[in-house]
Asks: 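Let me give you the structure first, and then I'll get to my questions.
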There are 2 protein chains.
Amino acid sequence: MRKPTLEEVAIEAGVSKMTASRALRGSADVSKETRERVIEAATRMSYVGNRLALSLSSQRTNLVAVVVPSMSNIVFPEVLAGISAGLDGSGMQAVFGISDYDVAKERDIIRDMLSWQPCAIIVTGLDQPEETVKLLQHANIPVIQLMDLDGTPIDLNVGLSHGGAGEDMARALVGAGRRRFGYVGSALEKDLRAGKRKAGFERVLHSYGLHFVNQSVDDAFSSIALGKRLTLAMLAAVPDLDCIYYSNDDMASGGLFACMELGVAVPEKILIAGFNGLDLVNSLPAPIATSRSPRRAMGEVAAQLVRQAVAGAQDARQKTVVFKPVITGIDGYDDAPDEPETARLRP
Amino acid sequence: MRKPTLEEVAIEAGVSKMTASRALRGSADVSKETRERVIEAATRMSYVGNRLALSLSSQRTNLVAVVVPSMSNIVFPEVLAGISAGLDGSGMQAVFGISDYDVAKERDIIRDMLSWQPCAIIVTGLDQPEETVKLLQHANIPVIQLMDLDGTPIDLNVGLSHGGAGEDMARALVGAGRRRFGYVGSALEKDLRAGKRKAGFERVLHSYGLHFVNQSVDDAFSSIALGKRLTLAMLAAVPDLDCIYYSNDDMASGGLFACMELGVAVPEKILIAGFNGLDLVNSLPAPIATSRSPRRAMGEVAAQLVRQAVAGAQDARQKTVVFKPVITGIDGYDDAPDEPETARLRP
DNA sequence: TTGAAAGCGCTAACAG
DNA sequence: CTGTTAGCGCTTTCAA
């Protein structure tokens with residue numbers, strides 16, 4: 001029992017393939033009566049069109065390929081949700097792939113996705129190796145690099161400067177009077193954006209004649225448990241820190257829990273600073289500093305750009321959309337008007 | 001500058017389309033010399049095969065369609081990561097869709113995904129309306145219903161009993177001496193599995209002559225912030241509860257933070273119980289009870305079943321794989337051997 | 001080991 | 001308003 005084809009529906013309805021096709025797609029020039037007969041037949045036979053044939057024939061697809069490094073960190077699913085929502089109603093459909101922070105796997109996934117002839121592709125970050133860049137360029141479709149701005153974009157670019165985010169946070173913390181800094185991170189050789197934040201943070205520290213008094217970086221991926229463990233160890237070795245910068249909010253939350261366990265006052269004695277602005281942070285028993293990254297919004301904006309570019313707007317290529325993260329959780333700092341995370345265009 | 005086709009590669013290599021096709025796919029019967037010539041040409045031209053044509057022609061695809069209700073709750077991305085990992089090396093590729101807990105949207109997404117002729121489809125839960133079930137059945141491919149067991153499966157079924165999870169948790173808590181129960185949940189009309197857990201919990205309470213002294217259910221989706229807010233309100237109204245059951249760990253964590261803010265001892269005065277066994281729970285400043293649901297494992301097992309079913313194993317249909325969540329965080333209860341979350345087969 | 005013919009299920013372009 | 005013809009780019013099948 002094979003699935004019915006358009007031809008079978010057409011025969012059932014007593015019309016030609018073409019008329020059936022038009023009726024099903026809601027083309028204007030089909031008599032109401034014919035249309036109803038076709039639709040009735042299709043419904044009765046549980047007809048589902050074959051998109052492979054449709055796309056092959058019409059030379060266009062509704063697929064938007066998306067490649068993210070991980071699903072274990074809530075930030076990427078949030079971006080995907082933004083993309084998916086932003087595509088809603090466009091007739092386009094996002095297809096996701098996971099690279100596990102592995103450049104070779106990323107290349108293979110991108111190659112595989114391109115073979116489905118997507119109408120656009122969205123990848124994470126700007127640090128693809130040359131071979132992958134070539135693949136992307138040869139695809140001849142809009143390419144969006146998402147979440148990061150620190151690098152040279154291929155085509156469209158939507159994100160925030162992680163180096164800048166690290167710098168801003170360092171300035172804010174030094175401005176809040178902190179001087180003895182620790183750093184707790186994880187998987188920096190894989191999560192390049194976390195590395196860029198750290199580098200930016202250190203640039204500013206150095207400009208003030210300061211430095212990380214202690215650093216602890218683990219190979220494992222970030223988690224609350226890891227942040228807690230590394231922080232307990234660090235505070236045992238260097239109890240007199242007054243601020244710890246973490247690779248992200250998961251790690252930072254673990255750091256807070258470590259401080260609570262040790263009876264260290266947060267933020268009075270030690271200020272905890274992370275990155276992302278997770279929902280979690282707003283409910284924690286003590287305030288921690290963070291840069292809010294507009295993850296869902298970045299996904300939605302990327303989806304908008306895809307829609308424009310696919311619609312053929314010629315000015316919808318080679319653009320950069322800049323998001324500016326907002327720092328919260330530092331007393332006397334985030335009194336600044338919480339400006340909406342607006343997107344600025346840079347031609 | 002269109003993308004090169006197989007034919008163009010063939011001409012470039014001085015062979016026929018067919019030979020080029022065979023060479024590229026690594027078919028045995030192509031002379032080494034010819035093969036190299038073809039591959040060289042393909043590489044030079046950055047040839048990427050057109051899967052639409054491939055699949056249309058060969059009548060098979062490597063697509064596994066997956067529909068989940070949300071990306072905002074970390075449990076679904078974890079399931080997706082499991083599916084994706086479980087499919088690795090099979091040549092199959094997962095395609096994800098988000099239904100936003102909306103049955104109409106779910107139906108549309110399923111219809112759309114089926115039009116891509118996937119070789120299998122994985123959906124969340126067993127509560128699809130009849131129309132969607134029909135769609136799934138007519139697709140004539142392996143259908144996997146994931147995460148829940150409470151209902152009548154269409155084909156393959158992998159998950160755990162949420163009713164049973166609620167019952168087990170209630171038994172454990174009553175066994176731990178708790179008597180005055182509150183319930184805090186959210187979006188129960190959408191998250192049917194949370195509703196099943198609550199119903200199971202209440203069944204057991206009633207069997208002990210107990211009931212929820214107070215209930216608070218919000219329409220919004222679960223979050224730590226919401227759990228905290230509802231708990232603060234509940235404890236203001238009914239301060240003498242000795243246990244609160246939450247719709248999940250996010251809500252429960254918020255509940256813990258509320259108790260900490262109020263200076264209520266957890267778990268001495270109030271025992272907090274959730275569901276999922278999130279990473280977060282293990283690092284919290286006070287122990288809370290939870291049922292660990294093996295999210296990633298469920299995804300991986302689903303992927304295995306897909307591989308078997310697609311490979312044609314006839315006994316790979318109409319099966320159920322039962323997971324049993326493990327309760328942790330109740331003093332004197334989880335001393336029980338932490339048995340690995342094994343999968344039991346039910347023919 | 002290679003090639004030619006036919007066709008997968010659909011739509012574009014043209015004709016009636 | 002409806003039908004016909006010709007592919008889309010690839011694989012299958014059969015023949016050389």
Side-chain angles (χ1 to χ4, degrees), chain A residues 2-39 41-42 45-63 91 112 114-119 139-140, chain B residues 2-39 41-42 45-63 91 111-112 114-119 138-140:
Chain A
R2 252 178 50 281
K3 280 181 286 181
T5 68
L6 179 62
E7 177 141 46
E8 291 164 329
V9 173
I11 291 172
E12 190 74 11
V15 296
S16 74
K17 248 172 29 168
M18 220 28 248
T19 303
S21 171
R22 286 196 265 255
L24 258 12
R25 279 182 297 163
S27 169
D29 32 35
V30 175
S31 79
K32 191 170 161 241
E33 189 184 73
T34 308
R35 181 199 316 292
E36 280 168 1
R37 201 144 33 86
V38 171
I39 289 178
M45 302 168 77
S46 304
Y47 172 72
V48 177
N50 185 333
R51 261 222 133 77
L52 299 173
L54 190 164
S55 291
L56 180 60
S57 170
S58 65
Q59 301 282 64
R60 50 199 165 69
T61 63
N62 63 344
L63 249 35
D112 196 78
L114 288 179
S115 75
W116 285 101
Q117 318 291 112
C119 59
N140 220 10
Chain B
R2 251 179 50 281
K3 279 181 287 182
T5 68
L6 179 62
E7 178 141 45
E8 291 163 329
V9 172
I11 292 171
E12 189 75 12
V15 296
S16 75
K17 244 172 31 169
M18 228 16 259
T19 304
S21 170
R22 286 196 266 254
L24 259 11
R25 277 181 299 162
S27 169
D29 32 36
V30 176
S31 77
K32 192 171 161 241
E33 188 184 75
T34 309
R35 182 200 315 292
E36 279 167 2
R37 201 144 32 86
V38 171
I39 290 178
M45 303 168 76
S46 304
Y47 171 72
V48 177
N50 185 332
R51 259 222 135 75
L52 299 173
L54 190 165
S55 291
L56 179 61
S57 170
S58 65
Q59 301 282 63
R60 53 202 162 67
T61 63
N62 63 344
L63 250 35
R111 196 199 304 284
D112 196 79
L114 288 179
S115 75
W116 285 101
Q117 319 290 113
C119 59
H138 274 279
N140 220 10

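Side chains are part of it too, since the values below use all heavy atoms of this structure and drop only hydrogens, waters and symmetry mates. Just so it is clear: chains get the letters A, B, ... in the order the sequence lines come, proteins before strands, and each one is counted from 1.
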Asks: Once you apply a heavy-atom cut-off of 4.0 Å, does A/Arg25 come out as touching a base, just sugar-phosphate, or nothing?
Replies: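 Sugar-phosphate, no base atom in range.
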Asks: Does C/dG9 have OP1 or OP2 sitting under 4.0 Å from an N or O in the side chain of B/Gln59?
Replies: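 Answer yes for this pair, as a side-chain N or O of B/Gln59 is under 4.0 Å from OP1 or OP2.
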Asks: Which part of the nucleic acid, if any, lies within contact of B/Arg60, taking any heavy atom under 4.0 Å across all strands shown: a base, the sugar-phosphate backbone alone, or nothing?
Replies: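 Sugar-phosphate, no base atom in range.
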Asks: Is the shortest heavy-atom distance from the side chain of B/Trp116 to the side chain of A/Asn62 under 4.5 Å?
Replies: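 B/Trp116 vs A/Asn62: side chains touch.
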Asks: How many whole angstroms separate atom CD of B/Gln117 from atom P of C/dG9?
Replies: 9 Å
Asks: Among the candidates C/dT2, D/dC10, C/dT11, find the nucleotide nearest to the side-chain atoms of A/Ser58.
Replies: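 Between C/dT2, D/dC10, C/dT11, the one nearest the side chain of A/Ser58 would be C/dT11.
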Asks: State whether A/Ser31 places a side-chain N or O below 4.0 Å from either non-bridging phosphate oxygen (OP1 or OP2) of D/dT2.
Replies: yes
Asks: Rounded to the nearest 0.5 Å, what separation is found between the CZ atom of A/Arg35 and the CG atom of A/Asp29?
Replies: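 It comes to 9.0 Å.
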Asks: Using atom CD of B/Glu33 as one end and atom C1' of C/dT1 as the other, report the distance to the nearest whole Å.
Replies: 12 Å
Asks: Looking only at non-hydrogen atoms, find the nearest pair between A/Gln117 and B/Gly49 and report the distance.
Replies: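 Answer, listing the atom of A/Gln117 first, then B/Gly49: OE1-O, 3.9 Å.
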Asks: Mind checking if A/Ser55 touches a base, just sugar-phosphate, or nothing, with heavy atoms under 4.0 Å?
Replies: nothing
Asks: B/Lys17 has an atom NZ; how far is it from atom P of C/dA5, in whole Å?
Replies: 11 Å
Asks: Distance check needed: D/dC8 P versus A/Trp116 CH2, whole Å only.
Replies: 20 Å
Asks: B/Leu54 has an atom CG; how far is it from atom P of C/dG9, in whole Å?
Replies: 15 Å
Asks: From D/dT11, C/dT2, D/dC8, pick the nucleotide closest to the side chain of A/Leu56?
Replies: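 The closest nucleotide is D/dC8.
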Asks: Just the rounded figure in Å: distance from C1' of D/dT12 to CG of B/Leu6.
Replies: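 Going from B/Leu6 (CG) to D/dT12 (C1'), I get 14 Å.
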Asks: For the atom pair OG1 (A/Thr5) and CG (A/Asn50), what is the distance rounded to the nearest 0.5 Å?
Replies: 9.5 Å
Asks: So, B/Ser115 versus B/Arg111: side-chain donor-acceptor pair below 3.5 Å or not?
Replies: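 Per modelled atom types, B/Ser115 and B/Arg111 side chains form no pair under 3.5 Å.
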Asks: Are B/Thr19 and C/dG3 close enough that a side-chain N or O sits under 4.0 Å from OP1 or OP2?
Replies: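 So the side chain of B/Thr19 is within the cut-off, an N or O lying under 4.0 Å from OP1 or OP2 of C/dG3.
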Asks: Are any of B/Ser21's side-chain N or O atoms less than 4.0 Å away from OP1 or OP2 of D/dT11?
Replies: yes
Asks: Heavy-atom nearest nucleotide on DNA chain C for B/Ser57 versus B/Arg35: which residue maps closer to 5'?
Replies: B/Arg35
Asks: Measure the distance from CE on A/Met18 to C1' on C/dA12 and round it to the nearest whole Å.
Replies: 8 Å
Asks: Is the distance from OP1 or OP2 of D/dG9 to the nearest side-chain N or O of B/Tyr47 less than 4.0 Å?
Replies: no
Asks: Give the minimum heavy-atom separation between B/Leu52 and A/Leu56, together with the two atoms involved.
Replies: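 The pair with the smallest heavy-atom distance is CD1-N, 4.2 Å.
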Asks: Which part of the nucleic acid, if any, lies within reach of A/Asn50 when heavy atoms closer than 4.0 Å are counted: base, sugar-phosphate only, or nothing?
Replies: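 Result for A/Asn50 = sugar-phosphate.
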Asks: Measure the distance from CZ on A/Arg22 to C1' on D/dC1 and round it to the nearest whole Å.
Replies: 8 Å
Asks: Reading DNA chain C from 5' onward, which residue's closest nucleotide shows up sooner: B/Arg37 or A/Gly49?
Replies: B/Arg37
